[in-house]
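All values derive from a computational prediction rather than experimental measurement.
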Amino acid sequence: MLSLFNVLRKEWRDATRDRRSIVSSLLFAVFGPLMIYLLLGSIAKEVEATDDLQVAVVGAQFAPTMIAKLAEQGIAWTQFASVESAKNDGDQTVLVTVLEDFKERYLARTPVEIAVTADFKDGQAESAAQEVQALINGYGRKVSYSRLIAAGVHPDSISAIRATTYDLSLAGSRTARVSDSLIYMLLIAGFISGSLMAADSIAGERERNSLESLLSQPVNPFTLVTGKWLTAGAISAFVSTVTVIVAGIMLAKAPLEVLGLRLFIDPSSLFLGALILLPLAFLAVSIQMLVAARARTYKEAGTYAQFTLFIPIAVAGSVMIGNVDFGTLGQILPITSQTMGLKDVLLEGRSSLISMVSGALTTLLLAVGFVWMTARRLSDERSL
Amino acid sequence: MIELQQLHKSFGDVKAVDGLSLTARDGQITTLLGANGSGKSTTLRMLAGIVTPDSGHALIDSVDVAQEPLEARRKLGMFGDQFGLYPRLTAYEHLEYVAGFHGYSGKALKSAVAEVSDLLQMNALLDRRTEGFSQGQRMKVALARTLVHHPKNLVLDEPTRGLDIMSMRLLRSVLRDLRDAGRCVLLSSHVMADVEELSNQIVFMASGQVVHTGTADELMAASGTTSLEDAFISMTQKHAA
């Protein structure tokens, strides 16, 4: 126990004086959330840009009431005499064509066709066209309902089932991706912040020729590796916590309402999020120490350690994008449990204590296993 | 006392140490003298328990290194062929780290550090980080680290390599004092002047084996030469033949 304290004291001094590693870890804690914040801001700008849609209308005079309703919904429109003249005007994103038989068909109660044209290669134009189409269809439904009421039929009787879509338009899918990115960023925080320290733990000793002197001391290799692991893990956990806090502060300032995105970033949710990440930080460092123990130089070890970033991305990706169903195991397994836990806490506003504790235990258990493997490697004379 | 009994160690097809036996007694400086690749460093590493012999025994004060590595290391001070310092730690923190593994803390630790610091005239270095230390200053920290826990047995792998004259003089003086204090000192060296001046017992090594053992005078007499260098060349060449 005294030997472990001795290793911890030395490692803590050494690590906290390594300004380069500390600063580069903290840079991620700031720039990671900043990137998410900027992405959300950029998407919000695009959403706001769609509010200022320029719609060209040909034949507006045939359906003045309908066009007025579109204008009431915030659609800025310009009348054109012909389709060609509207196309020649580069400012128009969407073209609405009303045919001259509009009134005749309307009065005859036969369906009136309105053409909504846009260049669908342009995602923004596609989204705008869908928005205009939805508005016109909405207007058409209202007219139909009025006719039904006039005929003594309640409109609900022809709507046995009604599906409601919440259209975030252009922003929808990208916003969902950004919220996934938030989870990825938090999951890899521990891996990024621990990589330099993990690289230094064994390969650094080897490179500065201190490993041989260290191994000739009366100390068990497991104690040595445990001391190094706990120190690097604690710093990595600290950086993960800072990342969560900075993310919370930045996302509180992000235009989430504009995007229709709901995140739970109140202090208690952030606290839970940080708590979920703690064991992962220790697992990250243990994996990185094991792979870095094979390296002859610090630089080589750093490269190996950074390869491990793919582990949380791949596992979390299988949960979030691949929709791989891990069942109950997912709540217990390392990384999947943290992915699901973070999603629950930050995106859904709920948490499961049992899942958090069981996930933390298996994660720490696996980490201790990696520490033991690293110690075994260090005991091997080929490690010198 | 250090005893090596029929030590064997191979790395693949290369026999690094081949049936080596010797005894280094308390109150004596025993020096391993051999060409590069003759098995000196491997032998000393087996003594520290960081390389495991294929067969044979390395004993430190009768404790078998392979059987009880931690107990054996408590009786040993190891000075490797590289100083291996931590640039972000002070000299004091280096000594505190090693002494901590040997159970030193509090006043006992401070007293042990003060003692070794006085011995090596390094008080001015104690509170400085070792980054930027000269080779001589680095040697002092490494040697202090080896001595801070008062080991009865000392193993030094080419300790004078790369040192300036002043540092070399200090090191020789310290080794003599330790010998006179009854410690067992086993070192390896290439420097004939060091070997001749310091050693009570010289062990010529070649191909992982002991070629001849004795004092400088005994070795010169046995080889019919007038210098230790000639004696070494004559005896190791005969062995190779």
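No donor-acceptor pair under 3.5 Å is formed between the side chain of Asn209(A) and the backbone N or O of Gln82(B). Distance alone, capped at 3.5 Å, is enough to place a donor-acceptor pair between the Arg17(A) side chain and the Arg88(B) backbone.
In this structure, no portion of Glu71(B) lies under 4.5 Å from any heavy atom of chain A. Using a 4.5 Å cut-off between heavy atoms, Lys75(B) makes no contact with chain A at all. With a threshold of 4.5 angstrom between heavy atoms, Leu224(A) approaches chain B through side-chain atoms but not through N, CA, C or O. With a threshold of 4.5 angstrom between heavy atoms, Phe11(B) approaches chain A through side-chain atoms but not through N, CA, C or O. Of the two parts of Leu85(B), only the backbone, made up of N, CA, C and O, holds a non-hydrogen atom closer than 4.5 Å to a non-hydrogen atom of chain A.
Ranked by non-hydrogen atom pairs under 4.5 Å with chain A, the options Met78(B), Arg145(B), Arg129(B) are led by Arg129(B). For the options His94(B), His102(B), Glu96(B), heavy-atom pairs under 4.5 Å to chain A are most numerous at Glu96(B).
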For Gln217(A) and Arg73(B), run side-chain contact (heavy atoms from CB on, under 4.5 Å): C-alpha distance rounded to whole Å, both residues' side-chain angles, the deciding distance at 0.1 Å, then the answer. CA-CA 6 Å; Gln217(A) 300 305 325; Arg73(B) 286 176 198 153; 5.8 Å; no
Stepwise, does the side-chain contact (heavy atoms from CB on, under 4.5 Å) test hold for Phe101(B) with Leu214(A)? CA-CA 10 Å; Phe101(B) 288 131; Leu214(A) 188 58; 4.1 Å; yes
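A salt bridge does not link Arg9(A) to Glu93(B): none of the charged nitrogens lies less than 4.0 Å from a carboxylate oxygen.
Around atom CG of Leu2(A), no more than 12 heavy atoms belonging to other residues, nucleotides or ligands sit under 6.0 Å away. A 6.0 Å sphere centred on CG of Asp127(B) holds no more than 12 heavy atoms belonging to other residues, nucleotides or ligands. For Phe271(A), the CZ atom sits in a loose shell: 12 or fewer heavy atoms of surrounding residues, nucleotides or ligands are nearer than 6.0 Å. Shown here is His8(B), whose NE2 atom has more than 12 heavy atoms of other residues, nucleotides or ligands within 6.0 Å. Remark: Phe238(A) CZ is loosely packed, at most 12 non-hydrogen atoms of other residues, nucleotides or ligands lying under 6.0 Å away. Remark: Arg294(A) CZ is loosely packed, at most 12 non-hydrogen atoms of other residues, nucleotides or ligands lying under 6.0 Å away.
Side-chain atoms of Tyr86(B) and Glu205(A) include a donor-acceptor pair closer than 3.5 Å.
Ser213(A) contributes atom OG, which lies 10.0 Å from atom CZ of Phe79(B) (distance to the nearest 0.5 angstrom). Here CG of Leu89(B) is found 8.5 Å from CD of Glu11(A). Values are rounded to the nearest 0.5 Å.
In plain terms, the two heavy atoms of Asn220(A) and Leu70(B) that are nearest each other are N-CD2, 4.2 Å. For Ser210(A) against Gly84(B), the heavy-atom pair with the smallest separation is CB-O, 3.2 Å. Across every non-hydrogen atom of Val7(A) and Tyr97(B), the tightest pair is CA-CE1, 4.0 Å.
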